[in-house]
Amino acid sequence: MGSNAELAEMFARMADVMQLVGENAFKAIAFQRVSRVLEETGIDVVAASKSGELPPIEGIGESSRRIIVEYAQTGKSRDYEQLIASVPAGVLEMLRIPGLGPKTVALLWRERGIESVDALEQAIGQGKLAGLKGVGAKKIASMLDGIRLLKAGMQRRGFVVVAPLVEEMLERLRSDARVGQAEAAGSFRRRRETVGDVDLLCWVHSSEDAQAVIESFCTQNGVEKVNASGRTKGSILVDKGFQIDLRIVPKENFGAALLYFTGSKEHNVKLRGLAQEQGMTLNEWGLYRVDQYNKAEKKPGEPPTIKPVAGGDEKSVYSALKLGYIEPELREDRGEIEAGIAQRLPRLVTREDIRGELHCHTTASDGRASIEQMAEAAKAMGYEYIAITDHSVSSVIANGLAPERLKAHIAAIRKAQDRVKGIHILAGSEVDILIDGSLDYEDALLAELDVVIASPHVSLKQDTAKATDRLLRAIESRYVHIIGHPTGRMINQREGLPLDMPKVIAAAAQAKTALEINAGWPRWDLNDLNARAAANAGVMISINTDAHAIESLGDIVMGLWVARRAWLTPTQIVNCMTYKQLMAWLKVKR
DNA sequence: GCCGTTTTCGGCCCGACTGTTTTCAGTCG
């Protein structure tokens with residue numbers, strides 16, 4: 001076996017070890033970067049190494065290449081094994097304790113022989129940490145807090161799960177008369193599917209109010225712990241250990257702060273490097289000319305006393321760095337800065353570009369609204385068309401339609417079109433991709449439909465070979481227009497099919513079958529990276545809500561977030577086509 | 001370890017907050 005994910009994990013572990021043994025910090029950072037690049041690249045590096053065709057990849061140098069190639073050929077790496085053997089596994093685990101870093105873990109290990117999280121907890125209980133340099137009562141208390149959090153299982157929470165909490169916090173801030181403007185930043189603003197913590201940002205009318213706003217933030221109802229409470233920055237835990245940070249800056253610095261707090265960290269690092277190359281320095285206060293920037297005059301919590309080149313709003317900062325505006329969804333250091341330099345940033349899809357819905361359900365299967373109701377709702381959204389795609393016969397729980405019922409349903413859809421004007425109603429089906437990749441209806445019946453979406457619903461724990469073959473069969477069917485939620489994953493709930501995604505994408509490109517971004521939570525399937533890889537390979541993407549009720553048609557905005565994170569432009573999206581274009585596209589395979 | 005329209009060597013982003021300290025190291029984002 002062997003995969004990018006396994007290699008990424010290896011490099012991440014090696015970086016951990018390097019930090020612990022006091023290796024040059026930049027080496028560890030370099031390996032962390034290799035790990036991230038491996039996770040995100042569309043290139044199957046193991047397969048490429050085996051065939052001797054591993055292309056140069058930015059961030060992966062000679063040493064890392066050697067490790068990758070050795071691993072691809074032998075299934076292991078001597079460098080990795082040697083390095084990993086030098087530190088007990090439990091010590092590496094201690095790095096996961098929030099608030100504990102490599103220096104302290106190394107100190108505990110070397111000075112007190114503590115080799116696991118449990119051993120640390122015991123040692124604290126027995127007072128064995130006494131006399132350690134730099135470790136006082138408060139630090140010990142914070143270690144116990146960290147251990148408690150770690151054991152409570154601090155996984156990243158789903159975007160939609162934390163959204164109400166964020167809205168509530170913002171509401172509270174905005175209703176504070178001292179606050180001028182409050183926004184959510186961080187991975188929440190970048191619309192990542194999961195969020196590790198939430199970053200809020202605001203400016204206040206009078207700088208004397210800043211500390212008081214932080215204080216009221218840190219003492220509001222529901223606060224379980226205050227991690228930090230300074231003049232411009234507060235950090236709290238709420239809702240069983242979920243971290244929320246608040247940062248306050250003057251209005252004039254809001255743009256630079258929003259940029260800084262939105263991240264990603266990797267995006268920021270690269271931007272700062274770019275600023276440096278241009279004789280400037282970028283921080284959360286603004287963009288400054290380096291020859292004017294005198295660190296000695298910089299007081300913590302207060303803006304630098306010199307005039308910034310830019311900083312009032314984000315656009316001015318990007319523009320001063322000779323970049324086009326980079327949308328928050330792109331800020332992951334996945335090539336957006338290079339694209340900005342080359343003035344080749346994508347024109348990301350927006351809500352206004354969406355002309356129709358191609359995947360929804362009605363009361364015929366497991367939906368809650370009639371054909372007419374769904375069509376009227378789509379029309380009210382300004383759509384030109386909607387495809388009604390109820391479940392097929394094998395989806396028994398979803399009241400899937402047997403062939404005869406489907407025929408009657410098609411007739412009902414045609415009839416509904418007579419009653420509802422101003423929107424085209426297409427007859428479709430979400431047909432099950434069965435375990436072996438065959439479809440749930442005969443070809444002759446599929447041929448009667450305007451739109452066919454084929455989706456996997458059951459047996460989502462197949463191995464990679466079986467799952468991939470299963471999807472390929474459906475992709476290659478001349479009657480299938482779109483593969484619905486291709487992996488079947490549910491964020492934070494189930495993994496879904498372990499597809500060989502490069503293979504699936506290549507087949508879809510070849511067969512001219514579109515892949516879906518299912519906008520429904522917790523699917524968001526395809527995810528951003530796979531959707532981007534697919535679109536780059538020439539595969540059309542359809543952003544579908546899979547709505548089972550009128551309100552869910554509005555989920556399209558979530559699908560758009562994923563699509564924007566995937567760099568998609570309207571020309572790559574099926575349901576950005578006009579009705580006429582769509583009808584032509586639907587006939588291409590047949 | 002990685003990288004190069006000023007570099008194949010010498011850099012590598014920057015600031016806030018905390019805790020244990022008298023001037024700073026560690027951690028985080």
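Here is the naming used below: chain letters follow the sequence lines, and residue numbers restart at 1 for every chain. These values consider heavy atoms only, across backbone and side chains, with no hydrogens, waters or symmetry-generated copies.
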Candidates B:dC14, B:dC3, B:dG1 - which lies nearest the side chain of A:Glu58: B:dC3
For atom NZ of A:Lys27 and atom P of B:dC12, their distance in whole Å: 18 Å
C1' spacing across the pair B:dG10 / B:dG15, given as an integer number of angstrom: 24 Å
Sugar-phosphate, base or nothing in reach of A:Gly186, heavy atoms under 4.0 Å: nothing
Main-chain N/O of A:Ala25 paired to A:Gln19 side chain as donor or acceptor, under 3.5 Å: no
Polar side-chain atom of A:Glu81 near backbone of A:Arg78 as donor-acceptor pair, under 3.5 Å: no
Partner set under ring-ring contact (aromatic ring centres under 6.0 Å, His included) for A:Tyr325, not counting sequence neighbours: A:Tyr318
Sugar-phosphate, base or nothing in reach of A:Ser235, heavy atoms under 4.0 Å: nothing
Under 3.5 Å donor-acceptor pair, A:Asn24 side-chain atoms to B:dG1 base atoms: yes
Distance, P atom - from B:dT23 to B:dC28, rounded to whole angstrom: 26 Å
Phosphate OP1/OP2 of B:dG29 contacted by A:Thr262 side-chain N/O (<4.0 Å): no
Under 3.5 Å side-chain donor-acceptor pair for A:Glu93 and A:Ser116: no
Spacing of the P atoms in B:dC13 and B:dG4 (rounded, Å): 14 Å
Rounded distance in Å between the C1' positions of B:dG26 and B:dT20: 11 Å
N or O in side chain of A:Gln276 less than 4.0 angstrom from B:dC14 OP1/OP2: yes
Nearest to side-chain heavy atoms of A:Thr232, which nucleotide of B:dG1, B:dG15, B:dC17: B:dC17
Option from A:Lys76, A:Arg66, A:Glu6 for which side chain to side chain donor-acceptor pair (under 3.5 Å) with A:Tyr71 holds: A:Glu6
Candidates B:dG15, B:dG29, B:dC2 - which lies nearest the side chain of A:Trp285: B:dG15
Give each protein N/O atom lying under 3.5 Å from an N/O atom of nucleotides 19-28 of chain B, with the pair distance.
{"residue": "B:dT20", "atom": "OP1", "partner": "A:Gly136", "partner atom": "N", "Å": "2.5"}
{"residue": "B:dT20", "atom": "OP1", "partner": "A:Gly136", "partner atom": "O", "Å": "3.0"}
{"residue": "B:dT20", "atom": "OP1", "partner": "A:Ala137", "partner atom": "N", "Å": "3.3"}
{"residue": "B:dT20", "atom": "OP1", "partner": "A:Lys139", "partner atom": "N", "Å": "3.2"}
{"residue": "B:dG26", "atom": "O3'", "partner": "A:Thr104", "partner atom": "OG1", "Å": "3.2"}
{"residue": "B:dT27", "atom": "OP1", "partner": "A:Gly101", "partner atom": "N", "Å": "2.5"}
{"residue": "B:dT27", "atom": "OP1", "partner": "A:Gly101", "partner atom": "O", "Å": "2.9"}
{"residue": "B:dT27", "atom": "OP1", "partner": "A:Thr104", "partner atom": "N", "Å": "3.2"}
{"residue": "B:dT27", "atom": "OP1", "partner": "A:Thr104", "partner atom": "OG1", "Å": "2.6"}
{"residue": "B:dT27", "atom": "OP2", "partner": "A:Lys103", "partner atom": "N", "Å": "3.1"}
{"residue": "B:dT27", "atom": "O5'", "partner": "A:Gly101", "partner atom": "N", "Å": "3.3"}
{"residue": "B:dC28", "atom": "OP1", "partner": "A:Gly99", "partner atom": "N", "Å": "2.6"}

Residue that, paired with A:Thr194, satisfies side-chain contact (heavy atoms from CB on, under 4.5 Å) out of A:Val161, A:Asn492, A:Val162: A:Asn492
Atom-to-atom span, CG of A:Leu271 to C1' of B:dC14 - whole angstrom: 13 Å
Qualifying residue, where the test is side chain to side chain donor-acceptor pair (under 3.5 Å) with A:Glu332 and the options are A:His267, A:Arg565, A:Arg36: A:Arg565
